[in-house]
Amino acid sequence: MKYFDKILFVLLCILYFTYYGILNVALYLGLPNSEISGGMRLFIISGAALLLLRDFFVRKDFPRLTIHSWCFFIFFTVFFVKILMENPIVLYLYNQSIPLFLYVTYICYFGAFFLYFAGRERFFYILNSPKIIYWGGVLGCALILYTNRDALSSFRLTDSDNEVNRCLVKYPMAMLYIISLYFLIFTPPIFNKILGVIGVAISGSNLLMSDSKSSIISFAFILFSYMLLSLKRIKIFITALIVSLSFLVISTPYLLSSTAWERLAALQDYETMDLQGDAELSRYYLLLRGWDLFLESPVYGGSIFDVEIHSSHFLPVEILRHEGVIGAILIIIAFWGMFKGGIYIFKSDPKYFWVFGILAWDISQQIFHGYSYTLPSVSAAIFLMAANLAAEDKRRGFLPRR
(Lines give C-alpha, C1' and ligand atoms only; values in the text may rest on other atoms or scores of the structure.)
Protein backbone atom coordinates (compact mmCIF):
# COMPACT_ATOMS: atom_id res chain seq x y z
CA MET A 1 0.00 0.00 0.00
CA LYS A 2 1.39 3.41 -0.98
CA TYR A 3 2.50 5.93 1.65
CA PHE A 4 -0.26 8.35 0.66
CA ASP A 5 -2.92 5.75 1.43
CA LYS A 6 -1.28 4.75 4.71
CA ILE A 7 -0.89 8.34 5.91
CA LEU A 8 -4.46 9.27 4.93
CA PHE A 9 -5.87 6.14 6.56
CA VAL A 10 -3.96 6.74 9.81
CA LEU A 11 -5.04 10.40 9.92
CA LEU A 12 -8.69 9.51 9.32
CA CYS A 13 -8.62 6.75 11.95
CA ILE A 14 -7.01 8.97 14.57
CA LEU A 15 -9.57 11.68 13.83
CA TYR A 16 -12.46 9.19 13.94
CA PHE A 17 -11.46 7.65 17.26
CA THR A 18 -10.71 11.04 18.84
CA TYR A 19 -13.93 12.53 17.46
CA TYR A 20 -15.78 12.51 20.80
CA GLY A 21 -12.71 13.74 22.64
CA ILE A 22 -12.58 16.75 20.31
CA LEU A 23 -16.30 17.38 20.91
CA ASN A 24 -15.63 17.38 24.67
CA VAL A 25 -12.94 20.02 24.12
CA ALA A 26 -15.37 22.07 22.01
CA LEU A 27 -17.96 21.97 24.79
CA TYR A 28 -15.28 22.83 27.36
CA LEU A 29 -14.15 25.88 25.37
CA GLY A 30 -17.66 26.93 24.41
CA LEU A 31 -17.03 26.45 20.68
CA PRO A 32 -19.82 25.76 18.13
CA ASN A 33 -20.24 22.02 18.63
CA SER A 34 -22.50 21.26 15.65
CA GLU A 35 -20.23 22.91 13.08
CA ILE A 36 -17.13 21.14 14.41
CA SER A 37 -18.95 17.81 14.52
CA GLY A 38 -20.34 18.15 11.01
CA GLY A 39 -16.99 19.28 9.63
CA MET A 40 -15.13 16.30 11.09
CA ARG A 41 -17.78 13.84 9.88
CA LEU A 42 -17.73 15.23 6.33
CA PHE A 43 -13.92 15.16 6.25
CA ILE A 44 -13.87 11.53 7.43
CA ILE A 45 -16.41 10.29 4.90
CA SER A 46 -14.75 12.25 2.08
CA GLY A 47 -11.35 10.77 2.89
CA ALA A 48 -12.83 7.29 3.32
CA ALA A 49 -14.58 7.55 -0.05
CA LEU A 50 -11.27 8.57 -1.66
CA LEU A 51 -9.53 5.50 -0.19
CA LEU A 52 -12.39 3.29 -1.37
CA LEU A 53 -12.12 4.64 -4.91
CA ARG A 54 -8.34 4.11 -4.89
CA ASP A 55 -8.85 0.50 -3.79
CA PHE A 56 -11.21 -0.02 -6.71
CA PHE A 57 -9.56 1.95 -9.53
CA VAL A 58 -5.86 2.24 -8.59
CA ARG A 59 -4.98 -0.98 -6.77
CA LYS A 60 -7.81 -2.92 -8.46
CA ASP A 61 -7.97 -5.35 -5.54
CA PHE A 62 -11.58 -4.75 -4.53
CA PRO A 63 -13.41 -8.10 -4.40
CA ARG A 64 -16.74 -8.83 -6.01
CA LEU A 65 -19.57 -8.02 -3.59
CA THR A 66 -21.63 -10.93 -2.31
CA ILE A 67 -25.41 -10.96 -1.93
CA HIS A 68 -24.90 -10.14 1.76
CA SER A 69 -23.24 -6.80 1.00
CA TRP A 70 -25.81 -5.98 -1.67
CA CYS A 71 -28.66 -6.61 0.78
CA PHE A 72 -26.97 -4.32 3.28
CA PHE A 73 -26.66 -1.48 0.76
CA ILE A 74 -30.21 -1.99 -0.56
CA PHE A 75 -31.55 -1.68 2.99
CA PHE A 76 -29.83 1.66 3.53
CA THR A 77 -30.66 2.96 0.07
CA VAL A 78 -34.34 2.43 0.86
CA PHE A 79 -33.76 4.00 4.28
CA PHE A 80 -32.29 7.15 2.71
CA VAL A 81 -35.05 7.33 0.07
CA LYS A 82 -37.60 7.25 2.88
CA ILE A 83 -35.81 10.13 4.60
CA LEU A 84 -35.94 12.14 1.36
CA MET A 85 -39.62 11.34 0.84
CA GLU A 86 -40.58 12.32 4.39
CA ASN A 87 -38.32 15.37 4.57
CA PRO A 88 -37.48 16.60 1.05
CA ILE A 89 -34.17 18.41 1.09
CA VAL A 90 -35.67 21.17 -1.08
CA LEU A 91 -37.62 22.24 2.02
CA TYR A 92 -34.33 22.96 3.74
CA LEU A 93 -32.79 24.68 0.74
CA TYR A 94 -35.72 27.06 0.33
CA ASN A 95 -37.07 27.75 3.81
CA GLN A 96 -35.03 25.60 6.20
CA SER A 97 -38.17 23.94 7.58
CA ILE A 98 -36.16 20.84 8.47
CA PRO A 99 -32.65 20.59 9.93
CA LEU A 100 -29.88 19.72 7.48
CA PHE A 101 -28.27 17.50 10.12
CA LEU A 102 -30.82 14.76 9.26
CA TYR A 103 -29.01 14.26 5.97
CA VAL A 104 -25.50 14.99 7.20
CA THR A 105 -25.84 12.63 10.18
CA TYR A 106 -27.22 9.76 8.12
CA ILE A 107 -24.66 10.05 5.31
CA CYS A 108 -21.73 10.57 7.68
CA TYR A 109 -22.46 7.40 9.62
CA PHE A 110 -21.00 5.66 6.60
CA GLY A 111 -17.67 7.40 7.22
CA ALA A 112 -16.38 4.66 9.52
CA PHE A 113 -17.98 1.99 7.35
CA PHE A 114 -16.23 3.10 4.14
CA LEU A 115 -12.98 3.58 6.05
CA TYR A 116 -12.94 -0.14 6.94
CA PHE A 117 -14.80 -1.55 3.94
CA ALA A 118 -11.50 -1.88 2.12
CA GLY A 119 -9.87 -3.71 -0.74
CA ARG A 120 -7.78 -6.79 -0.02
CA GLU A 121 -4.41 -5.08 0.54
CA ARG A 122 -5.80 -2.34 2.79
CA PHE A 123 -8.08 -4.82 4.56
CA PHE A 124 -5.16 -6.89 5.82
CA TYR A 125 -3.20 -3.75 6.60
CA ILE A 126 -6.11 -2.81 8.87
CA LEU A 127 -6.22 -6.23 10.54
CA ASN A 128 -2.51 -6.02 11.24
CA SER A 129 -2.67 -2.47 12.65
CA PRO A 130 -4.74 -2.39 15.87
CA LYS A 131 -2.31 0.15 17.36
CA ILE A 132 -3.80 2.83 15.11
CA ILE A 133 -7.09 2.46 16.99
CA TYR A 134 -5.20 2.24 20.29
CA TRP A 135 -3.49 5.60 19.89
CA GLY A 136 -6.68 7.21 18.65
CA GLY A 137 -8.48 5.88 21.73
CA VAL A 138 -5.71 7.09 24.05
CA LEU A 139 -5.89 10.60 22.62
CA GLY A 140 -9.69 10.66 22.72
CA CYS A 141 -9.85 9.41 26.33
CA ALA A 142 -7.10 11.80 27.41
CA LEU A 143 -9.07 14.76 26.05
CA ILE A 144 -12.23 13.54 27.80
CA LEU A 145 -10.44 13.05 31.13
CA TYR A 146 -8.83 16.46 30.90
CA THR A 147 -12.01 18.37 30.08
CA ASN A 148 -13.92 16.53 32.81
CA ARG A 149 -11.05 16.32 35.32
CA ASP A 150 -13.14 17.83 38.13
CA ALA A 151 -15.36 14.72 37.97
CA LEU A 152 -12.47 12.31 38.58
CA SER A 153 -12.47 12.77 42.36
CA SER A 154 -16.01 11.44 42.64
CA PHE A 155 -16.07 9.39 39.41
CA ARG A 156 -19.39 11.06 38.56
CA LEU A 157 -19.78 12.76 35.19
CA THR A 158 -22.62 14.81 36.69
CA ASP A 159 -20.04 16.50 38.92
CA SER A 160 -18.18 17.86 35.90
CA ASP A 161 -18.30 21.57 35.11
CA ASN A 162 -18.23 20.57 31.45
CA GLU A 163 -21.85 19.95 30.36
CA VAL A 164 -21.48 16.61 28.57
CA ASN A 165 -23.63 13.49 28.44
CA ARG A 166 -22.53 9.87 28.54
CA CYS A 167 -22.82 9.45 24.77
CA LEU A 168 -19.82 11.75 24.27
CA VAL A 169 -17.64 9.57 26.51
CA LYS A 170 -18.46 5.99 25.55
CA TYR A 171 -16.95 5.32 22.12
CA PRO A 172 -13.24 6.22 22.56
CA MET A 173 -13.06 4.44 25.92
CA ALA A 174 -14.65 1.34 24.39
CA MET A 175 -12.21 1.20 21.47
CA LEU A 176 -9.25 1.76 23.80
CA TYR A 177 -10.50 -0.96 26.15
CA ILE A 178 -11.00 -3.43 23.28
CA ILE A 179 -7.47 -3.02 21.90
CA SER A 180 -5.83 -2.84 25.35
CA LEU A 181 -7.54 -6.03 26.46
CA TYR A 182 -6.48 -7.69 23.22
CA PHE A 183 -2.86 -6.67 23.91
CA LEU A 184 -3.04 -8.12 27.43
CA ILE A 185 -4.53 -11.45 26.39
CA PHE A 186 -3.42 -12.27 22.86
CA THR A 187 -0.06 -10.59 22.22
CA PRO A 188 3.19 -11.84 23.82
CA PRO A 189 5.51 -8.77 23.53
CA ILE A 190 6.01 -7.13 26.94
CA PHE A 191 5.68 -3.67 25.36
CA ASN A 192 2.17 -4.54 24.19
CA LYS A 193 1.32 -5.78 27.70
CA ILE A 194 2.43 -2.43 29.13
CA LEU A 195 0.34 -0.57 26.56
CA GLY A 196 -2.56 -2.84 27.52
CA VAL A 197 -2.29 -2.02 31.22
CA ILE A 198 -2.08 1.72 30.51
CA GLY A 199 -5.02 1.57 28.11
CA VAL A 200 -7.22 -0.42 30.49
CA ALA A 201 -6.45 2.04 33.30
CA ILE A 202 -7.37 5.05 31.13
CA SER A 203 -10.52 3.48 29.65
CA GLY A 204 -11.52 2.18 33.10
CA SER A 205 -11.30 5.71 34.50
CA ASN A 206 -13.58 6.92 31.72
CA LEU A 207 -15.99 4.06 32.41
CA LEU A 208 -16.25 4.81 36.12
CA MET A 209 -16.69 8.50 35.42
CA SER A 210 -19.47 7.89 32.87
CA ASP A 211 -21.22 5.43 35.24
CA SER A 212 -23.10 3.96 32.28
CA LYS A 213 -24.94 0.69 32.85
CA SER A 214 -24.83 -0.27 29.17
CA SER A 215 -21.07 0.35 28.98
CA ILE A 216 -20.39 -1.66 32.14
CA ILE A 217 -22.31 -4.62 30.72
CA SER A 218 -20.65 -4.16 27.31
CA PHE A 219 -17.18 -4.18 28.85
CA ALA A 220 -18.02 -7.46 30.60
CA PHE A 221 -19.38 -8.89 27.33
CA ILE A 222 -16.18 -7.96 25.48
CA LEU A 223 -14.08 -9.70 28.14
CA PHE A 224 -16.34 -12.77 27.93
CA SER A 225 -15.96 -12.80 24.12
CA TYR A 226 -12.18 -12.75 24.42
CA MET A 227 -12.40 -15.57 26.96
CA LEU A 228 -14.27 -17.71 24.42
CA LEU A 229 -11.78 -16.90 21.67
CA SER A 230 -8.87 -17.73 23.96
CA LEU A 231 -10.12 -21.34 24.23
CA LYS A 232 -8.39 -21.92 20.89
CA ARG A 233 -5.06 -22.02 22.78
CA ILE A 234 -4.68 -23.09 26.41
CA LYS A 235 -1.84 -20.66 27.20
CA ILE A 236 -3.89 -17.71 25.96
CA PHE A 237 -6.90 -18.97 27.92
CA ILE A 238 -4.89 -19.01 31.15
CA THR A 239 -3.79 -15.44 30.45
CA ALA A 240 -7.40 -14.43 29.80
CA LEU A 241 -8.50 -16.08 33.05
CA ILE A 242 -5.84 -14.24 35.06
CA VAL A 243 -6.79 -10.92 33.46
CA SER A 244 -10.50 -11.55 34.13
CA LEU A 245 -9.96 -12.41 37.79
CA SER A 246 -7.71 -9.36 38.23
CA PHE A 247 -10.38 -7.11 36.72
CA LEU A 248 -13.02 -8.61 38.99
CA VAL A 249 -10.97 -7.99 42.14
CA ILE A 250 -9.96 -4.44 41.19
CA SER A 251 -13.29 -3.21 39.82
CA THR A 252 -15.74 -4.74 42.33
CA PRO A 253 -15.48 -1.96 44.98
CA TYR A 254 -16.13 0.72 42.36
CA LEU A 255 -18.92 -1.17 40.61
CA LEU A 256 -20.76 -1.78 43.88
CA SER A 257 -20.94 1.97 44.44
CA SER A 258 -22.21 2.67 40.91
CA THR A 259 -25.62 4.30 40.48
CA ALA A 260 -26.02 2.40 37.20
CA TRP A 261 -27.53 -0.55 39.04
CA GLU A 262 -30.17 1.68 40.61
CA ARG A 263 -31.22 2.86 37.15
CA LEU A 264 -31.23 -0.72 35.88
CA ALA A 265 -33.33 -1.91 38.83
CA ALA A 266 -35.81 0.92 38.22
CA LEU A 267 -36.75 -0.74 34.91
CA GLN A 268 -38.47 -3.47 36.92
CA ASP A 269 -41.16 -0.93 37.84
CA TYR A 270 -42.22 -0.25 34.26
CA GLU A 271 -45.82 -1.34 34.99
CA THR A 272 -46.05 1.14 37.85
CA MET A 273 -44.55 3.84 35.64
CA ASP A 274 -47.28 3.15 33.10
CA LEU A 275 -50.03 3.38 35.71
CA GLN A 276 -48.61 6.65 36.98
CA GLY A 277 -48.73 8.13 33.48
CA ASP A 278 -44.94 8.26 33.17
CA ALA A 279 -44.69 5.62 30.44
CA GLU A 280 -43.38 8.09 27.87
CA LEU A 281 -40.20 8.27 29.93
CA SER A 282 -39.58 4.52 29.97
CA ARG A 283 -37.77 2.26 27.51
CA TYR A 284 -40.72 -0.10 27.85
CA TYR A 285 -43.05 2.45 26.28
CA LEU A 286 -40.61 3.17 23.46
CA LEU A 287 -40.40 -0.54 22.69
CA LEU A 288 -44.20 -0.90 22.62
CA ARG A 289 -44.61 2.20 20.46
CA GLY A 290 -42.01 0.92 18.00
CA TRP A 291 -43.79 -2.42 17.78
CA ASP A 292 -47.14 -0.69 17.18
CA LEU A 293 -45.60 1.29 14.32
CA PHE A 294 -44.40 -1.95 12.76
CA LEU A 295 -47.87 -3.52 13.03
CA GLU A 296 -49.34 -0.50 11.24
CA SER A 297 -47.19 -1.29 8.19
CA PRO A 298 -45.66 -4.76 8.64
CA VAL A 299 -44.51 -5.45 5.07
CA TYR A 300 -42.62 -2.30 4.02
CA GLY A 301 -42.35 -0.54 7.36
CA GLY A 302 -43.57 2.91 8.29
CA SER A 303 -42.18 6.36 8.90
CA ILE A 304 -38.52 6.87 9.74
CA PHE A 305 -39.41 9.75 12.04
CA ASP A 306 -42.25 9.34 14.50
CA VAL A 307 -43.64 12.33 16.37
CA GLU A 308 -43.72 10.40 19.65
CA ILE A 309 -40.42 8.53 19.67
CA HIS A 310 -36.99 9.01 18.16
CA SER A 311 -36.02 5.38 18.70
CA SER A 312 -37.38 2.25 20.34
CA HIS A 313 -33.82 1.54 21.62
CA PHE A 314 -33.96 -2.07 20.39
CA LEU A 315 -32.49 -2.86 16.98
CA PRO A 316 -34.88 -5.65 15.82
CA VAL A 317 -37.90 -3.43 16.48
CA GLU A 318 -36.17 -0.46 14.84
CA ILE A 319 -35.53 -2.46 11.66
CA LEU A 320 -39.11 -3.75 11.57
CA ARG A 321 -40.73 -0.36 12.14
CA HIS A 322 -38.56 1.33 9.52
CA GLU A 323 -38.61 -1.22 6.69
CA GLY A 324 -40.93 -4.02 7.80
CA VAL A 325 -40.46 -7.71 7.13
CA ILE A 326 -38.75 -7.05 3.79
CA GLY A 327 -36.09 -4.89 5.48
CA ALA A 328 -35.64 -7.49 8.22
CA ILE A 329 -35.00 -10.18 5.59
CA LEU A 330 -32.38 -7.97 3.93
CA ILE A 331 -30.58 -7.40 7.22
CA ILE A 332 -30.75 -11.07 8.21
CA ILE A 333 -29.02 -11.96 4.93
CA ALA A 334 -26.40 -9.29 5.64
CA PHE A 335 -25.91 -10.65 9.18
CA TRP A 336 -25.42 -14.14 7.77
CA GLY A 337 -22.66 -12.71 5.60
CA MET A 338 -21.06 -11.11 8.66
CA PHE A 339 -21.17 -14.51 10.37
CA LYS A 340 -19.38 -16.11 7.39
CA GLY A 341 -16.86 -13.27 7.47
CA GLY A 342 -16.28 -13.96 11.17
CA ILE A 343 -15.47 -17.60 10.39
CA TYR A 344 -13.02 -16.45 7.71
CA ILE A 345 -11.19 -14.18 10.17
CA PHE A 346 -11.30 -16.77 12.97
CA LYS A 347 -9.61 -19.34 10.72
CA SER A 348 -6.97 -16.84 9.59
CA ASP A 349 -4.91 -15.87 12.64
CA PRO A 350 -5.43 -15.08 16.37
CA LYS A 351 -3.68 -11.74 15.84
CA TYR A 352 -6.86 -10.60 14.10
CA PHE A 353 -9.09 -11.40 17.09
CA TRP A 354 -9.36 -7.76 18.18
CA VAL A 355 -12.07 -7.26 15.57
CA PHE A 356 -14.32 -9.61 17.54
CA GLY A 357 -14.01 -7.23 20.49
CA ILE A 358 -15.40 -4.42 18.32
CA LEU A 359 -18.20 -6.74 17.19
CA ALA A 360 -19.05 -7.55 20.82
CA TRP A 361 -19.26 -3.83 21.62
CA ASP A 362 -21.49 -3.09 18.62
CA ILE A 363 -23.84 -5.98 19.43
CA SER A 364 -24.23 -5.03 23.08
CA GLN A 365 -24.76 -1.34 22.28
CA GLN A 366 -27.38 -2.15 19.66
CA ILE A 367 -29.29 -4.11 22.29
CA PHE A 368 -29.35 -1.09 24.61
CA HIS A 369 -29.44 1.77 22.08
CA GLY A 370 -30.56 0.22 18.81
CA TYR A 371 -30.76 2.67 15.89
CA SER A 372 -31.05 1.50 12.29
CA TYR A 373 -28.77 4.26 11.03
CA THR A 374 -25.88 3.15 13.29
CA LEU A 375 -25.68 -0.28 11.65
CA PRO A 376 -22.97 0.90 9.19
CA SER A 377 -20.33 0.41 11.89
CA VAL A 378 -16.67 -0.58 11.92
CA SER A 379 -17.51 -4.21 12.70
CA ALA A 380 -20.17 -4.39 9.95
CA ALA A 381 -17.63 -3.12 7.41
CA ILE A 382 -14.90 -5.54 8.49
CA PHE A 383 -17.06 -8.67 8.63
CA LEU A 384 -18.98 -7.96 5.42
CA MET A 385 -15.70 -7.35 3.57
CA ALA A 386 -14.30 -10.55 5.10
CA ALA A 387 -17.31 -12.38 3.62
CA ASN A 388 -16.55 -10.86 0.20
CA LEU A 389 -12.89 -11.93 0.43
CA ALA A 390 -13.87 -15.41 1.65
CA ALA A 391 -16.15 -15.87 -1.37
CA GLU A 392 -13.40 -14.67 -3.71
CA ASP A 393 -10.82 -17.00 -2.13
CA LYS A 394 -13.24 -19.89 -2.46
CA ARG A 395 -13.68 -19.18 -6.17
CA ARG A 396 -9.91 -19.09 -6.64
CA GLY A 397 -9.19 -22.03 -4.36
CA PHE A 398 -7.18 -19.97 -1.82
CA LEU A 399 -6.81 -20.67 1.89
CA PRO A 400 -7.53 -17.88 4.44
CA ARG A 401 -4.60 -15.44 4.52
CA ARG A 402 -2.32 -15.33 7.56
Side-chain angles (χ1 to χ4, degrees), residues 10 13-14 16-18 20-21 116 125-146 152 155 169-210 212 215-255 345-346 348-365 378-379 382:
V10 170
C13 283
I14 295 294
Y16 178 71
F17 292 109
T18 58
Y20 290 105
Y116 283 84
Y125 173 76
I126 290 169
L127 292 188
N128 285 294
S129 308
K131 284 182 181 176
I132 297 174
I133 297 178
Y134 176 88
W135 291 115
V138 166
L139 182 56
C141 287
L143 292 174
I144 290 170
L145 288 174
Y146 176 75
L152 286 175
F155 282 118
V169 176
K170 290 180 182 180
Y171 198 74
M173 75 178 183
M175 295 302 105
L176 178 58
Y177 172 78
I178 288 165
I179 304 302
S180 300
L181 199 59
Y182 161 78
F183 285 159
L184 283 174
I185 295 175
F186 293 102
T187 62
I190 188 64
F191 179 68
N192 284 356
K193 303 288 187 188
I194 295 172
L195 291 179
V197 172
I198 295 172
V200 167
I202 296 174
S203 59
S205 298
N206 274 262
L207 175 65
L208 294 172
M209 184 176 64
S210 69
S212 167
S215 296
I216 292 173
I217 295 172
S218 296
F219 272 38
F221 184 52
I222 292 166
L223 180 58
F224 177 72
S225 301
Y226 280 158
M227 286 282 291
L228 291 179
L229 291 169
S230 69
L231 291 172
K232 193 174 183 180
R233 295 182 182 179
I234 186 64
K235 186 177 179 180
I236 296 177
F237 175 74
I238 293 173
T239 304
L241 188 61
I242 293 172
V243 170
S244 302
L245 292 175
S246 301
F247 280 8
L248 183 63
V249 171
I250 295 171
S251 62
T252 295
Y254 296 99
L255 294 178
I345 294 174
F346 181 80
S348 297
D349 200 303
K351 67 182 179 181
Y352 303 151
F353 281 0
W354 60 270
V355 300
F356 291 100
I358 296 182
L359 178 63
W361 168 261
D362 286 338
I363 290 173
S364 58
Q365 288 299 299
V378 170
S379 63
I382 290 175

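Atoms OG and CG, from Ser230 and Leu223 in turn, are 9.0 Å apart once rounded to the nearest 0.5 Å. Here Thr18 contributes atom OG1 and Met175 contributes atom CE; the two are 13.5 Å apart, rounded to the nearest 0.5 Å. The distance from atom OH of Tyr116 to atom SG of Cys13, rounded to the nearest 0.5 Å, is 3.5 Å. We find the OG-CG distance between Ser364 and Leu359 to be 9.5 Å, quoted to the nearest 0.5 Å. Here the CD1 atom belonging to Ile185 is positioned 8.0 Å from the CE atom belonging to Met227, to the nearest 0.5 angstrom. In this structure, CE on Met173 lies 12.0 Å from OH on Tyr20, to the nearest 0.5 angstrom.
For Phe183 and Phe191, the ring centers sit 6.0 Å or farther from each other.
Proximity of a side-chain donor or acceptor of Lys193 to a complementary backbone N or O of Thr187 within less than 3.5 Å is detected. Panel note: side chain Tyr226, backbone Ile178; a donor-acceptor pair is recorded below 3.5 Å. Using modelled atom types, one side-chain atom of Tyr177 and one backbone atom of Phe219 make a donor-acceptor pair closer than 3.5 Å. Judged by distance alone, the side chain of Trp361 and the main-chain N or O of Ser215 form no donor-acceptor pair under 3.5 Å. Within the 3.5 Å criterion, the main-chain N or O of Leu195 finds a donor-acceptor partner in the side chain of Tyr134.
Across all non-hydrogen atoms, the minimal contact from Ile179 to Pro130 is CG2-O, 3.6 Å. Here the shortest heavy-atom pairing between Gly199 and Ser180 reads CA-OG, 3.1 Å. The two residues Ile144 and Pro172 make their nearest non-hydrogen contact at CD1-CG, 3.5 Å. When all heavy atoms are compared, the tightest approach of Val200 to Leu181 is CG2-N, 4.3 Å. Residue Cys141 comes nearest to Asn206 through the heavy atom pair CB-ND2, 3.6 Å, listed as atom of the first residue, atom of the second, then distance. What you find for Asp362 and Val378 is that their closest heavy atoms are OD2-N, 4.4 Å.
Contact of the Phe186 side chain with the Tyr352 side chain is not registered, since no non-hydrogen atoms from C-beta on lie closer than 4.5 Å. Residues Ile358 and Ile133 have side chains in contact (heavy-atom distance under 4.5 Å, counting atoms from C-beta outward).
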Applying ring-ring contact (aromatic ring centres under 6.0 Å, His included), run through Phe356 and Tyr182 and close with a yes or a no.
CA-CA 10 Å; Phe356 291 100; Tyr182 161 78; over 10 Å; no
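Legend: residues meeting ring-ring contact (aromatic ring centres under 6.0 Å, His included) with Phe346, ordered by chain and number and at least two apart, are Phe353. Partners of Lys131 according to the side-chain hydrogen bond (donor to acceptor under 3.5 Å, both in side chains) rule, which considers only residues two or more places apart in sequence or in another chain, are Asn192.
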